[in-house]
Amino acid sequence: MARVLIDQRELVLPDERPMNVIEAARRVGIEIPHFCYHRALSVVGSCRMCLVEAGRIDAKTGQIVMRDELVPACSTMAVDGSVFVTDSPKVVAARARVEEGLLLRHPIDCPVCDKAGECLLQDYHFRYGQAERRADERPFHSRCREVGPGISLFVDRCVLCGRCVRFCREITETSELYFRARGTDEEIDVFEGVPLDNPMAGNVVDLCPVGALADRRFLYRQRVWFLESAPSVCTGCATGCSIWIESNQDQVYRITPRPNASVNPHWICDEGRYRYAHLHSPNRLVHPRRQMEEEAVEIDWGTAIAEIGAALTSTARPAVVISPFITLEEAHLACRYFRSLDPSSPLAIGPVPVVGEDLSFADGFTIRAEKGPNRRGLELLLNHWNGEPTTFERFLSGFEENEDRPTAVVVLGGYPNDWIDEPTARVLRRVELLVVSDLFESPVSKVADYVLPSAAFAERDGSYVSAPGRWQFARRAIRPPRVVRSEGQWLTRLMGETERFQADRIAEEMAETVPALKVFEQGGPWANGRFENEGIDLNLGRE
Ligand code: FES
């Protein structure tokens, strides 16, 4: 055990987890300002913003003996008997000097800087800086250059903390960024002919403590204080990274990582980060429609639900295909409904997109080739309802067996990309009734009797189970386009339930009834907020 005193607060740290003073101070609620330190990167101690007073308790006398010089909290370990002071006049003066030095050549263009409102340089200036500026080296520059296909570097805003350089060296191991020149000419740059375009490049924008590295897809589009953040789960691949979906007035402006030690400690890949353009595509399906002979007719939801409900009730063998983009709660509702119509109705998982191969990085972060967020969750659910997780291929083979062939198929799609070809759509079309809910027109929607507009990932509440078996809950970030209803909403109406769809309620129900999801001793999935924050490990083991 290490006993440490920080601002007169005693802290006991386990020997097996030595930590630096910044991390130790956090444990007792003390925030030490810092620029270059990041807990996922190596420590370089270059910015000096984290200077604190240090000393030790003399073992013989029990007296505290302080050192004359200040020490960087990022590169000083909180060892047994050490004493630190983070708010003395000496420390306050040192922080003000560092802040003043950094602002000497800074353009101070906060009114037009994307980072304003979440900039450490700005925040620290108000907290620790001097009221008066003692030097003024006008005119300020505001040089900007493109360092990658999606990232701009505002050179004069940079405080040379080097987080971005270390990220590219230590995490992606691509080393596109480096420090050019020395002294007052020193700046960040990319090597000639090596643009910053690795699959995780967008993380340097989050890592930048100031507005030096900017995401051009976000640049000048929204002030950060207008953004609302919803905790969610990335649906880009089967890793299921924890994310924030940041939006304003039902428009998503950016997706950022939501640190979760169990999934994605600090990062997300660019594929997941920029996977929101389709939400606002003008090509989205936004109205229910019925195909009458050769003509497609838009109908209201009430008519669609009544007609589909009547047709499914009177058909001999209704089946449902559930895509891996549908939440577990919606899938559970669908299974419950179809089994109420026919106790042996086929329940199948829709096609699971796979692109390329898994890509792993130095710290174990993996971008999975499997591009669906919930295949593993659907397998658990179908094991319960079906006794086996019927794949799409297996389901299609049922069309060859005349006796057990489905007479009606409802496809819960929600696919953001192309997912089915014309020959497969023709196989599905062999039934009497074909209903499809999806985001975009596809070969199967073109031949369906009813087409229902589907909600996208940011527009639904519900949970997903990642490939490694973590069950996480995602909150709706924006409302869908006006007429669109999520699968959970219209399935609830189809089932004639009086209560509106509430994913939380269905999650509780699943936790009670599906054995693989009974992982809570008490309190259900919402106990301690884990389900929503870092998720719950279902202990499924690796595949
Ligand atoms: Fe310690 Fe930069 S954070 S020197």
Side-chain angles (χ1 to χ4, degrees), residues 4-7 11 13 17-56 66-79 82-106 115 118-130 156-171 177-179 182-184 186-188 203-213 259 265-267 363:
V4 181
L5 212 55
I6 303 178
D7 290 349
L11 177 65
L13 299 170
R17 266 204 77 198
M19 60 182 74
N20 66 19
V21 182
I22 291 182
E23 297 297 342
R26 262 191 200 138
R27 292 212 162 187
V28 285
I30 297 168
E31 194 61 35
I32 297 176
H34 55 274
F35 289 110
C36 66
Y37 173 71
H38 188 283
R39 61 169 64 156
L41 302 173
S42 61
V43 176
V44 288
S46 65
C47 73
R48 315 313 269 183
M49 190 65 189
C50 66
L51 293 176
V52 293
E53 288 201 67
R56 62 180 172 78
M66 298 302 287
R67 289 162 65 170
D68 289 338
E69 76 282 12
L70 298 176
V71 300
C74 62
S75 57
T76 304
M77 300 307 284
V79 294
S82 53
V83 178
F84 301 97
V85 179
T86 74
D87 58 358
S88 68
K90 203 168 165 182
V91 171
V92 170
R95 286 176 187 166
R97 276 197 298 277
V98 171
E99 189 68 16
E100 183 180 28
L102 291 174
L103 286 172
L104 269 182
R105 300 191 316 138
H106 187 85
K115 200 76 173 186
E118 55 182 12
C119 170
L120 289 188
L121 190 62
Q122 190 181 52
D123 292 348
Y124 290 165
H125 176 70
F126 287 113
R127 264 182 249 158
Y128 312 112
Q130 300 177 159
D156 301 294
R157 291 178 189 163
C158 179
V159 295
L160 299 172
C161 70
R163 287 185 186 188
C164 54
V165 175
R166 278 174 283 147
F167 175 79
C168 292
R169 281 186 194 155
E170 297 165 12
I171 305 297
L177 291 166
Y178 76 116
F179 288 101
R182 290 289 176 268
T184 54
E186 189 173 20
E187 43 188 66
I188 299 291
N203 290 291
V204 299
V205 177
D206 305 327
L207 278 171
C208 182
V210 298
L213 287 162
H266 301 277
W267 331 119
D363 62 350

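In listed order, ligands and their atoms are each counted from 1. Along the sequence shown, residues are numbered consecutively beginning with 1.
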task = Would you please classify the geometry between the His38 ring and the Trp267 ring as parallel, tilted or perpendicular, with 30° and 60° separating the classes?
result =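 Parallel: the ring planes of Trp267 and His38 meet at under 30°.
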message = Ring-plane angle category for Tyr124 and Tyr128, please: parallel below 30°, perpendicular beyond 60°, tilted otherwise.
response =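 Rings of Tyr124 and Tyr128: tilted, as their planes differ by 30° to 60°.
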Considering the heavy atoms of [X], write down every atom of ligand 1 situated less than 4.0 Å from one of them.
{"X": "Ser46", "value": "4 (S)"}
{"X": "Cys47", "value": "2 (Fe), 3 (S), 4 (S)"}
{"X": "Tyr37", "value": "3 (S)"}
{"X": "Gly45", "value": "4 (S)"}

request  = Would you sort out whether Ser46 and Leu160 count as a side chain to side chain contact (heavy atoms under 4.5 Å, CB included), showing the intermediate values?
outcome  = CA-CA 9 Å; Ser46 65; Leu160 299 172; over 6 Å; no
key: Derivation and outcome, side chain to side chain contact (heavy atoms under 4.5 Å, CB included), residues Met49 and Glu99   = CA-CA 8 Å; Met49 190 65 189; Glu99 189 68 16; 3.8 Å; yes
ask   = For ligand 1, is any non-hydrogen atom under 4.0 Å from Ala73's backbone (N, CA, C, O), its side chain (CB onward), both, or neither?
value =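 For Ala73, no heavy atom sits under 4.0 Å from ligand 1.
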key: From Arg48 atom CZ to Leu102 atom CG, the distance as rounded to the nearest 0.5 Å   =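 Interatomic distance, Arg48 CZ to Leu102 CG, rounded to 0.5 Å: 13.0 Å.
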key: Arg27 CZ to Ile6 CD1 distance, which is reported to the nearest 0.5 Å   =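 Those atoms lie 10.5 Å apart.
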Basic-acidic side-chain contact under 4.0 Å: Arg26, Glu23 =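 Between Glu23 and Arg26 there is a salt bridge, with a charged N closer than 4.0 Å to a carboxylate O.
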inquiry  = At less than 2.8 Å, would any N/O/S atom of Cys36, backbone or side chain, sit next to atom 2 (Fe) of ligand 1?
reply    =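 So Cys36 does bind atom 2 (Fe) of ligand 1 by this criterion.
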message = So, 2.8 Å as the limit: is an N/O/S atom of His34 located closer than that to atom 2 (Fe) of ligand 1?
response =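 It does not; every qualifying atom lies at 2.8 Å or beyond.
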ask   = Rounded to 10°, how big is the angle at atom 1 (Fe) of ligand 1 from Cys74 SG to Cys50 SG?
value =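 Vertex atom 1 (Fe) of ligand 1, arms to SG of Cys74 and SG of Cys50: 110°.
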Taking atom 4 (S) of ligand 1 as the reference point, the nearest protein heavy atom with its distance =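 I find the closest protein heavy atom is Arg48 N, 3.1 Å.
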